[in-house]
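All heavy atoms count here, side chains included; hydrogens, waters and symmetry mates do not. Chain naming here is simple, since letters A, B, ... match the order of the sequence lines and numbering starts at 1 in each.
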Number of protein chains: 2
Amino acid sequence: MRHDAATQRQSDRRTDILDAAERCFARSGFHRASMQDICGEAGMSPGNLYRYFPSKEALIAGICERNRADAVASFAMVDSAPDFFTGLAGLARHHLVDRTEAEVGLCAEIMAESRRNPEVAKLYLGIENDIRDRIAAMLKLAADRGEIRNDVDLDAAASVLMALGDGMSWRRSVDPEFQPETALPLILKMVHCLLAKSDDCAAPATETSQ
Amino acid sequence: MRHDAATQRQSDRRTDILDAAERCFARSGFHRASMQDICGEAGMSPGNLYRYFPSKEALIAGICERNRADAVASFAMVDSAPDFFTGLAGLARHHLVDRTEAEVGLCAEIMAESRRNPEVAKLYLGIENDIRDRIAAMLKLAADRGEIRNDVDLDAAASVLMALGDGMSWRRSVDPEFQPETALPLILKMVHCLLAKSDDCAAPATETSQ
DNA sequence: CTAATGAGAATGAACGTTCACTCTGATATC
DNA sequence: GATATCAGAGTGAACGTTCATTCTCATTAG
């Protein structure tokens, strides 16, 4: 089809623009990054950029959606983990340590923007609910398998895990002195204590530290 | 002295303005609240407001400082608590449940702003370090008293506690469905597991829930 | 030729801030 | 006691800037 080439080209252009916008947004935040900045970064004039995205809001929404896709993808590793706590540790490491400064910053930007912008809020809560569901499913599966205790409110636990992750991620983006590597083992131990069967509650105290 | 009356009056006016600004900021955020809004809320013309504060930045900084004072004050209750875990529970309840929507929102606004505004960042990190130090002191005291185990990195634990608090607070401000009351007992239990001496690790499992 | 692609100047609204001015009440002068 | 003088609280229209968005016109591809 002749269409394909043009459509593909359009899609590529959109991706280029989103890439440029992402760089600008991570650097300066949604508000301080002007369309002129983004145009400069994308090597494109404003008039032309507006042929691909109808507004700055649309750019922000586009960035959020890409972020959503990435976040959901990061759950793939969980399915291939041998047991619940190993999967959780991998997820935590990916979320808290492996992500670049820019990724963490962009994520914080989205969180902050969701407080102001209803459009972004809807997208953001969509992501969050999606992730919570996945975590809850993880917990459910682990409970069925007998890997964790079964007298805990799983939905509440999922919320707590998310709040924990958000808090750490946020702190990392705000406090340059914060060291995720130091905190991670403590967190894992804490969660282990909360969820593990009482038998092996005190077992793995400092296996990851030092 | 004749000065006193005038000085007092000036100070009162500044407080009035900060109150108005706080209401506007909590409602619309730092960026979306215009100086006109604040002037309206304060019942005052722009020209006059600028006689008391040199810029919008100065208003924001003023709000942050007041917030700092409040946060520090909330640690008073800890000193009067019978033991560590009781004090921590009170602190957590105050921080996560008792605070109004507006207070939580304003706090989130400050956190977000600190990512953009170096002035606010300095103030915010000042607050945070102050609080971390207090938490670390709490932990140290509890460790000395033998209330908690002594093989934990106390500074790291303080960071984790703060991240936990921030994460919960943030979530409350962003997700209307989030219920702090449900999550609180889980969190307390988790922290108890992390810090309590292994003997009574599994002891208070669901004492607060149900 | 015409339709898509692109550039970049122009537009208009929003906003923080300023400025020239008024109003009020106290103090000093006669 | 009445009047002139003055400080400073308060006003609100206007200014300059920033920024998202649009308009006009050139270039290129089919």
Side-chain angles (χ1 to χ4, degrees), chain A residues 1-25 27-64 109 113 116-120, chain B residues 1-25 27-64 109 113 116-120:
Chain A
M1 293 214 199
R2 284 285 117 71
H3 274 308
D4 258 347
T7 308
Q8 181 58 36
R9 186 176 162 73
Q10 270 243 349
S11 167
D12 285 352
R13 270 273 179 261
R14 284 176 59 95
T15 310
D16 290 345
I17 293 172
L18 277 187
D19 288 342
E22 186 165 320
R23 263 171 277 143
C24 289
F25 287 154
R27 192 192 310 131
S28 326
F30 287 141
H31 287 291
R32 288 178 128 75
S34 71
M35 289 303 258
Q36 297 285 350
D37 292 342
I38 298 171
C39 289
E41 184 80 29
M44 186 179 286
S45 67
N48 198 30
L49 190 150
Y50 270 84
R51 295 189 350 97
Y52 294 94
F53 287 91
S55 68
K56 191 178 183 180
E57 291 268 299
L59 280 180
I60 296 177
I63 295 288
C64 291
E109 205 60 40
E113 184 66 12
R116 324 217 158 81
N117 188 329
E119 186 73 20
V120 173
Chain B
M1 300 177 215
R2 271 187 30 258
H3 277 305
D4 257 348
T7 308
Q8 180 60 39
R9 189 176 158 70
Q10 270 245 346
S11 167
D12 285 352
R13 270 273 175 259
R14 284 177 58 94
T15 310
D16 289 345
I17 293 171
L18 277 188
D19 288 343
E22 187 165 319
R23 263 170 277 141
C24 289
F25 287 155
R27 192 191 309 130
S28 329
F30 286 140
H31 288 291
R32 288 178 130 72
S34 73
M35 287 304 255
Q36 297 287 349
D37 292 343
I38 297 170
C39 289
E41 185 81 30
M44 186 179 288
S45 64
N48 197 33
L49 190 150
Y50 272 85
R51 294 189 353 99
Y52 295 94
F53 288 92
S55 66
K56 191 178 183 181
E57 292 267 300
L59 280 181
I60 295 177
I63 295 288
C64 291
E109 206 59 38
E113 184 66 11
R116 326 216 155 81
N117 187 329
E119 185 75 19
V120 173

Nucleotide C/dT18, atom P - distance to CG of B/Leu49 in whole Å: 12 Å
Residue pair A/Asp16, A/Arg13: steps toward the side chain to side chain contact (heavy atoms under 4.5 Å, CB included) verdict: CA-CA 5 Å; A/Asp16 290 345; A/Arg13 270 273 179 261; 3.5 Å; yes
Gap between atoms CE and C1', on B/Met44 and D/dG12 respectively (whole Å): 14 Å
Options C/dT17, C/dG6, D/dT22, nucleotide nearest the side-chain atoms of A/Arg51: C/dG6
Under 3.5 Å: donor-acceptor pair, side chain of A/Lys56, backbone of A/Phe30: yes
For atom CD1 of A/Ile17 and atom P of C/dT5, their distance in whole Å: 12 Å
Closest nucleotide among D/dT11, D/dT22, C/dT5 to the A/Asn48 side chain: C/dT5
Nearest non-hydrogen partners of A/Ser28 and A/Ala33, listed with the distance: CB-N, 4.0 Å
Show each protein N/O and nucleotides 13-16 of chain D N/O combination with a separation under 3.5 Å, one pair to a line.
none

Return the polar atom pairs (N/O with N/O) between nucleotides 28-30 of chain D and the protein under 3.5 Å, or none.
none

Minimum side-chain heavy-atom gap A/Asn48-A/Arg51 below 4.5 Å: yes
Nearest non-hydrogen partners of A/Ile38 and A/Ala20, listed with the distance: O-CB, 4.2 Å
Carboxylate-amine/guanidinium contact B/Arg27 B/Glu109, below 4.0 Å: no
Sugar-phosphate only, base, or nothing, as touched by B/Ala33 at under 4.0 Å among non-hydrogen atoms: sugar-phosphate
Spacing between B/Arg32 atom CZ and D/dA20 atom C1', to the nearest angstrom: 13 Å
Integer-rounded Å distance: D/dC19 C1' and A/Ile38 CD1: 12 Å
Distance below 4.0 Å between B/Ser45 side-chain N/O and D/dT11 OP1 or OP2: yes
Minimum heavy-atom distance between A/Cys64 and A/Val120, given as atom pair plus value: SG-CG1, 4.0 Å
Euclidean distance, A/Phe25 CZ relative to A/Leu18 CG, rounded to 0.5 Å: 9.0 Å
Sugar-phosphate, base or nothing in reach of B/Tyr52, heavy atoms under 4.0 Å: sugar-phosphate
Nearest heavy-atom neighbours spanning B/Met35 and B/Ser55: CE-C, 4.3 Å
Interatomic distance, A/Leu59 CG vs D/dC19 P [rounded to whole Å]: 16 Å
Spacing between B/Tyr50 atom OH and C/dA20 atom P, to the nearest angstrom: 18 Å
Nucleotide nearest A/Ser34 (side chain, heavy atoms from C-beta), chosen from D/dT22, D/dC19, D/dG10: D/dC19
